[in-house]
Amino acid sequence: MAAVAASSAKRTLRAELKQRLRDLSAEERLRQSHLLTQKVIAHSRYQNSKRISIFLSMQDEIETEEIIKDIFKQGKICFIPRYQFQSNHMDMVRLTSPEEISLLPKTSWNIHQPAEGDVREEALSTGGLDLIFLPGLGFDKDGNRLGRGKGYYDTYLKRCMQHQEVKPYTLALAFKEQICLQVPVDEHDMKVDEVLYEDSPAS
C-alpha cells in the first residue's frame, strides 16, 4: 500500500515540477547554471576527484557544459551516461573532449550520447568513479531525489557499490525551483550525498 501511495505522490509531484521548470525563463536557467558552475569548481569534493561522471543537460536541467570544460581543463577524467532505452541500464563511458559532444548522435530525448556500437572505456571496469553529478526533477534537503521514473541512476549507484570499495560521492545539481519540502520515496530510491542549488549551504 505504501508503495502505491509513494508512486501516486511521485506522479503528482513530477507534474508540478515539470510545470515549474517550464515556467523558468532561458535567462534564469542560465543565471542559476552559471552560479552552480562556480559552486562546483570551488567544491572540495570536485577539486579532490579525478574520475567524474556528469550528465549532458536536457532543456529543463542545469546546464553542465562549463563544468565539463573545467573537468578537462583540470586534467580530470570525464565520463558521461549511455542510456539503454529498452531497459533501465546505464553505463558511464569516457568522453575524450568537450568538443566531441556535438558530434555524438542524439537520442529520442534529444541528448547526445555515444552510439551502442561505439566502444569506449566504461568507468566501473577501469577503476570506478570518485564523483557522480546527478540530474533529477526534484530534491529535498535530506538528499531524497525524484527522478523521471526510469530508475537509471538508482540502478547504477547500486552497481557502483558492488564494484567499488569506496562509494562515489553523489552531487545533485538543481534549480532552486526544484527544491521540495519532502520528496516521496520507496525502498529502491537512493539518496544523494548533497544537493547543490543557488541557496544551498556552503560545504
Side-chain angles (χ1 to χ4, degrees), residues 9-74 76 78-81 92 95 98 101 109-112 129-150 152-154 156-157 167-185 189-203:
K10 283 181 178 184
R11 221 176 8 255
T12 306
L13 187 55
R14 276 194 188 101
E16 184 191 317
L17 287 162
K18 282 178 179 173
Q19 187 54 55
R20 275 193 220 170
L21 289 166
R22 272 195 291 271
D23 291 344
L24 269 184
S25 68
E27 293 76 21
E28 180 59 14
R29 278 208 302 271
L30 276 175
R31 186 190 72 78
Q32 290 192 44
S33 294
H34 180 69
L35 202 132
L36 253 62
T37 299
Q38 303 310 311
K39 277 195 169 206
V40 164
I41 290 170
H43 198 293
S44 61
R45 285 284 184 169
Y46 172 73
Q47 291 171 358
N48 296 325
S49 293
K50 178 75 178 161
R51 296 168 63 88
I52 297 173
S53 94
I54 189 163
F55 58 95
L56 302 183
S57 314
M58 288 204 274
Q59 194 65 44
D60 58 358
E61 292 172 340
I62 289 286
E63 179 51 68
T64 56
E65 187 182 357
E66 293 305 314
I67 300 172
I68 291 169
K69 286 179 183 167
D70 192 74
I71 290 172
F72 282 94
K73 193 172 126 192
Q74 304 293 340
K76 301 174 187 293
C78 186
F79 294 88
I80 57 169
M92 293 296 179
L95 186 68
I101 295 170
W109 292 351
N110 212 27
I111 311 175
H112 291 283
L129 290 161
D130 302 317
L131 175 63
I132 299 179
F133 286 106
L134 286 90
L137 276 176
F139 306 91
D140 64 26
K141 292 176 183 179
D142 293 324
N144 293 309
R145 170 182 172 270
L146 181 70
R148 292 174 188 270
K150 300 280 194 290
Y152 285 110
Y153 277 90
D154 294 317
Y156 189 77
L157 290 173
K167 179 184 152 310
Y169 192 77
T170 50
L171 197 51
L173 301 177
F175 296 107
K176 62 182 183 205
E177 288 77 8
Q178 293 177 280
I179 305 304
C180 309
L181 202 57
Q182 192 176 13
V183 166
V185 290
D189 295 319
M190 302 280 285
K191 277 190 177 198
V192 296
D193 292 312
E194 189 180 345
V195 183
L196 220 52
Y197 57 99
E198 182 171 1
D199 307 315
S200 59
S203 51

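On a predicted model such as this, the values are computed, not experimentally measured, just so you know. Position 1 is the first residue of the sequence, and the numbers go up from there.
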Could you check whether any side-chain N or O of Asp140 sits under 3.5 Å from a backbone N or O of Asp142, counting only pairs where one atom can act as donor and the other as acceptor? yes
Please give me the minimum heavy-atom distance between Ile68 and Cys78, naming the atom from each residue. CG2-SG, 4.4 Å
Can you tell me how far the CE atom of Met92 sits from the OG atom of Ser53, to the nearest 0.5 Å? 3.5 Å
Any heavy-atom pair between the side chains of Gln178 and Tyr197 that's under 4.5 Å? no
Ion pair check, Arg31 and Glu27, cut-off under 4.0 Å: no
Does Gln32 reach the main-chain N or O of Lys176 with its side chain, forming a donor-acceptor pair under 3.5 Å? yes
Taken to the nearest 0.5 Å, the spacing of Arg29 CZ from Phe175 CZ works out to 6.0 Å
Nearest atoms (heavy-atom pairs only) where Ser49 meets Arg45: OG-O, 2.6 Å
Quick one, Lys73 with Asp70, criterion side-chain contact (heavy atoms from CB on, under 4.5 Å). Give me CA distance, side-chain angles, the key distance, then yes/no. CA-CA 5 Å; Lys73 193 172 126 192; Asp70 192 74; 4.2 Å; yes
Report yes if the side chains of Asp189 and Arg145 come closer than 4.5 Å at any heavy-atom pair, otherwise no. no
Starting at CG of Leu131, measure out to OH of Tyr46 and round the result to the nearest 0.5 Å. 9.0 Å
Whether over 12 other heavy atoms sit under 6.0 Å from Glu198 CD: yes
What distance separates Thr170 OG1 from Ile132 CD1, expressed to the nearest 0.5 Å? 7.0 Å
Nearest-0.5 Å distance that lies between atom CG in Leu21 and atom CD in Glu177: 7.5 Å
Mark yes or no for whether Asp193, through its side chain, and Leu171, through its backbone, hold a donor-acceptor pair below 3.5 Å. no
Taking the side chain as every heavy atom from C-beta outward, state whether Asp60 and Arg22 have any atom pair closer than 4.5 Å. no
Atom CD of residue position Glu28 - does it have more than 12 heavy atoms of other residues, nucleotides or ligands inside 6.0 Å? yes
When every non-hydrogen atom of Phe139 is compared with those of Ala172, the smallest separation belongs to CE2-CB, 3.4 Å
Working for side-chain contact (heavy atoms from CB on, under 4.5 Å), residues Val192 and Tyr153: CA-CA 10 Å; Val192 296; Tyr153 277 90; over 6 Å; no
Could you tell me whether Lys76 and Asp130 have a side-chain N and a carboxylate O separated by less than 4.0 Å? no
Taking the side chain as every heavy atom from C-beta outward, state whether Leu157 and Leu134 have any pair of such atoms under 4.5 Å apart. yes
A quick test of your reading: do over 12 heavy atoms of other residues, nucleotides or ligands sit less than 6.0 Å from NZ of Lys167? yes
Keeping Ser57 on the side-chain end and Ile62 on the backbone end, is there a donor-acceptor pair under 3.5 Å? yes
Counting only N and O atoms by type, is there a donor-acceptor contact under 3.5 Å from the side chain of Gln47 to the main-chain atoms of Ile41? yes
Looking only at atom types and distance, does a side-chain atom of Lys10 sit under 3.5 Å from a main-chain N or O of Leu146, one as donor and one as acceptor? no
Under a 4.5 Å cut-off applied to non-hydrogen side-chain atoms, are Leu196 and Phe133 in contact? no
Side-chain touch Met58/Ile111, heavy atoms, less than 4.5 angstrom: yes
Side chains of Lys39 and Ser200 in contact at under 4.5 Å (non-hydrogen atoms): yes
Less than 4.5 Å apart, side chain to side chain, heavy atoms only: is that true for Val40 and Leu173? yes
To the nearest 0.5 Å, tell me how far Ile71 CD1 sits from Ile80 CD1. 10.5 Å
